[in-house]
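Here is how names work: the chains are called A, B, and so on, in the same order as the sequence lines, proteins then strands, and each is numbered from 1.
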Number of protein chains: 2
Amino acid sequence: MAKKNTLKYVILGLLRQHDLTGYDIKKLFSCEIGDFWNSKHSQIYPELKKLEEEHLITSRMEISGKKLEKTYYMIKSAGIDALDKWLSDPLDEIQPTRDDFTLKLYFIDHRHDQRIKNLFSEEILRHQKKFDYLSARMGELFSSRENQEQNFGHYLILKKAILRENTQLKWLKDEYRSLKNN
Amino acid sequence: MAKKNTLKYVILGLLRQHDLTGYDIKKLFSCEIGDFWNSKHSQIYPELKKLEEEHLITSRMEISGKKLEKTYYMIKSAGIDALDKWLSDPLDEIQPTRDDFTLKLYFIDHRHDQRIKNLFSEEILRHQKKFDYLSARMGELFSSRENQEQNFGHYLILKKAILRENTQLKWLKDEYRSLKNN
DNA sequence: GGAGACATGTAATGCGTTACATGATTTG
DNA sequence: CAAATCATGTAACGCATTACATGTCTCC
């Protein structure tokens with residue numbers, strides 16, 4: 001987990017698409033990108049400065065309104081090279097999910113422990129919300145075939161996430177039902 | 001990620017089942033527990049000492065062979081209380097997957113980029129291996145109905161993980177096929 | 001004019017990895 | 001008797017969160 005500095009490549013990837021401020025990047029993590037990555041602004045701003053020192057990105061200042069300074073960052077060719085290299089690197093070992101539903105469930109031994117039902121009903125709510133959000137985004141972003149082709153990776157990961165949530169929800173509801181009938 | 005100290009509860013949960021050495025705990029992370037949690041020994045040993053200082057666990061020394069000292073840790077009632085409290089706490093927000101396949105895929109825009117095929121074939125191998133392992137474990141541990149009942153949480157999380165890998169693999173193979181036919 | 005969003009920073013702390021370090025035991 | 005595994009530790013470092021801190025702009 002530590003020592004990979006994945007945020008670096010997430011930022012480079014986002015900046016390859018558009019010039020962005022730190023604040024813009026932060027906001028992107030609250031949309032479907034949040035399904036696979038998140039970082040706080042307190043980590044993003046220093047990382048942007050570091051990338052600029054490494055000459056992978058540059059910045060330009062813009063004034064918005066009377067005096068609000070916004071710093072837009074732009075990717076440089078060395079940044080694109082670094083991103084491309086990372087994209088071609090072999091994948092790591094699969095990481096543990098570290099998901100707290102699974103974690104807690106593992107430590108409850110008895111079928112009739114009331115806490116299992118509580119865990120399931122909480123988990124169903126969490127995932128229902130996520131499923132609804134992702135489905136809505138799919139509709140907004142990729143109802144046209146053209147958009148699917150133009151951001152193919154994004155389209156695929158969204159499809160993947162929706163399938164995951166759908167399968168998961170179905171399983172959760174099935175098990176929850178059979179827990180109640182016992 | 002930081003600031004939760006989940007390892008603490010993982011250790012308490014494991015120690016509630018059996019007395020264990022730090023080395024035993026490390027080894028458990030290489031079996032199906034590794035699907036949802038992993039820590040290095042360099043984090044486990046200090047954490048065990050910390051838990052002992054907090055009076056949640058105690059230890060006893062055993063000599064194995066001539067002079068090899070093994071420290072077994074045992075959970076105390078305060079430890080069980082802490083574990084139970086954690087099990088009843090509401091679940092956190094769903095965390096981002098931070099999975100590098102998804103991450104990389106997101107940043108590849110064009111359907112015909114060769115790197116998409118490479119990513120998929122690597123990912124299929126990773127997940128096939130995992131699926132095979134989990135399925136084997138299911139057979140070893142839970143072929144008897146009795147074992148399913150006695151470690152019900154463990155049984156459920158294994159079932160869940162196998163379903164996840166199975167669904168994922170099916171999707172990966174489908175997409176991979178349609179990528180090649182283009 | 002106030003609430004809420006926009007916008008950018010730093011400091012303290014802790015989780016987690018990598019690397020360094022040592023010795024005992026088992027197995028072939 | 002050597003290699004692999006068992007067994008336990010510490011140190012350095014970096015990723016990540018929480019909290020502290022400040023000021024601007026937009027919209028009602």
Side-chain angles (χ1 to χ4, degrees), chain A residues 1-11 19-31 34 36-54 57 59-73 86 92-98 100 103, chain B residues 1-11 19-31 34 36-54 57 59-73 86 92-98 100 103:
Chain A
M1 203 112 269
K3 291 303 177 56
K4 294 300 317 283
N5 203 356
T6 308
L7 175 58
K8 169 176 174 171
Y9 299 103
V10 174
I11 290 176
D19 298 350
L20 296 167
T21 66
Y23 195 81
D24 291 334
I25 291 170
K26 176 61 204 135
K27 272 189 305 180
L28 286 171
F29 294 142
S30 59
C31 74
F36 58 85
W37 194 265
N38 193 20
S39 294
K40 313 285 177 181
H41 78 273
S42 54
Q43 199 183 357
I44 294 167
Y45 289 114
E47 186 63 32
L48 284 165
K49 294 199 166 168
K50 215 175 99 192
L51 291 176
E52 192 167 22
E53 275 168 33
E54 293 173 27
I57 64 178
S59 61
R60 100 185 100 88
M61 197 79 101
E62 277 186 25
I63 301 288
S64 158
K66 291 262 188 242
K67 42 178 178 163
L68 184 59
E69 292 180 348
K70 298 169 68 166
T71 309
Y72 280 90
Y73 288 91
W86 174 74
D92 295 332
E93 288 301 294
I94 295 178
Q95 297 301 305
T97 63
R98 294 185 168 216
D100 59 348
L103 218 51
Chain B
M1 207 112 269
K3 291 304 177 54
K4 294 302 313 290
N5 203 357
T6 308
L7 175 57
K8 169 175 175 172
Y9 299 103
V10 174
I11 290 176
D19 297 350
L20 295 166
T21 67
Y23 194 81
D24 291 334
I25 292 170
K26 176 62 204 134
K27 273 189 306 178
L28 285 170
F29 293 143
S30 59
C31 73
F36 60 82
W37 194 264
N38 194 21
S39 294
K40 314 286 180 182
H41 78 273
S42 55
Q43 199 183 357
I44 295 167
Y45 290 113
E47 186 64 32
L48 284 166
K49 293 197 167 170
K50 216 176 97 192
L51 291 176
E52 193 169 20
E53 275 168 34
E54 292 174 29
I57 64 178
S59 60
R60 100 185 101 89
M61 196 79 100
E62 277 185 26
I63 301 289
S64 156
K66 291 258 188 248
K67 43 179 178 165
L68 184 60
E69 292 181 347
K70 297 169 68 166
T71 309
Y72 279 90
Y73 289 92
W86 174 72
D92 295 331
E93 287 301 294
I94 296 178
Q95 296 302 304
T97 63
R98 294 185 168 216
D100 59 348
L103 216 52

Output the rounded distance in Å from CD (Gln43(B)) to P (dT10(D)). 14 Å
Whole angstroms only, please: what is the CD-P distance between Glu93(A) and dG16(C)? 19 Å
Do Ser59(B) and Tyr73(B) touch side chain to side chain, with heavy atoms closer than 4.5 Å? yes
Can a donor-acceptor pair under 3.5 Å be found between the side-chain atoms of Thr21(A) and the base atoms of dT8(C)? no
Which part of the nucleic acid does Lys49(A) contact within heavy-atom distance under 4.0 Å: base, sugar-phosphate only, or nothing? sugar-phosphate
Taking CG from Leu7(B) and P from dG16(C), how many angstroms apart are they, rounded to a whole number? 7 Å
Could you give the CD-to-C1' distance, from Gln95(A) to dT17(C), as a whole number of Å? 11 Å
Measure from CG on Asp92(A) to C1' on dT18(C) and round the result to the nearest Å. 15 Å
Between the base of dT25(C) and the side chain of Ser64(B), is there any donor-acceptor pair under 3.5 Å? no
Distance check needed: dT22(C) C1' versus Leu68(B) CG, whole Å only. 12 Å
Taken to the nearest whole Å, OH/Tyr45(B) to P/dG16(C) is 18 Å
Starting at NZ of Lys66(A) and ending at C1' of dA7(C), how long is that distance when rounded to a whole Å? 19 Å
Just to be sure I understand the rule, does Lys70(A) reach a base, reach only the sugar-phosphate, or reach nothing, if contact means heavy atoms closer than 4.0 Å? sugar-phosphate
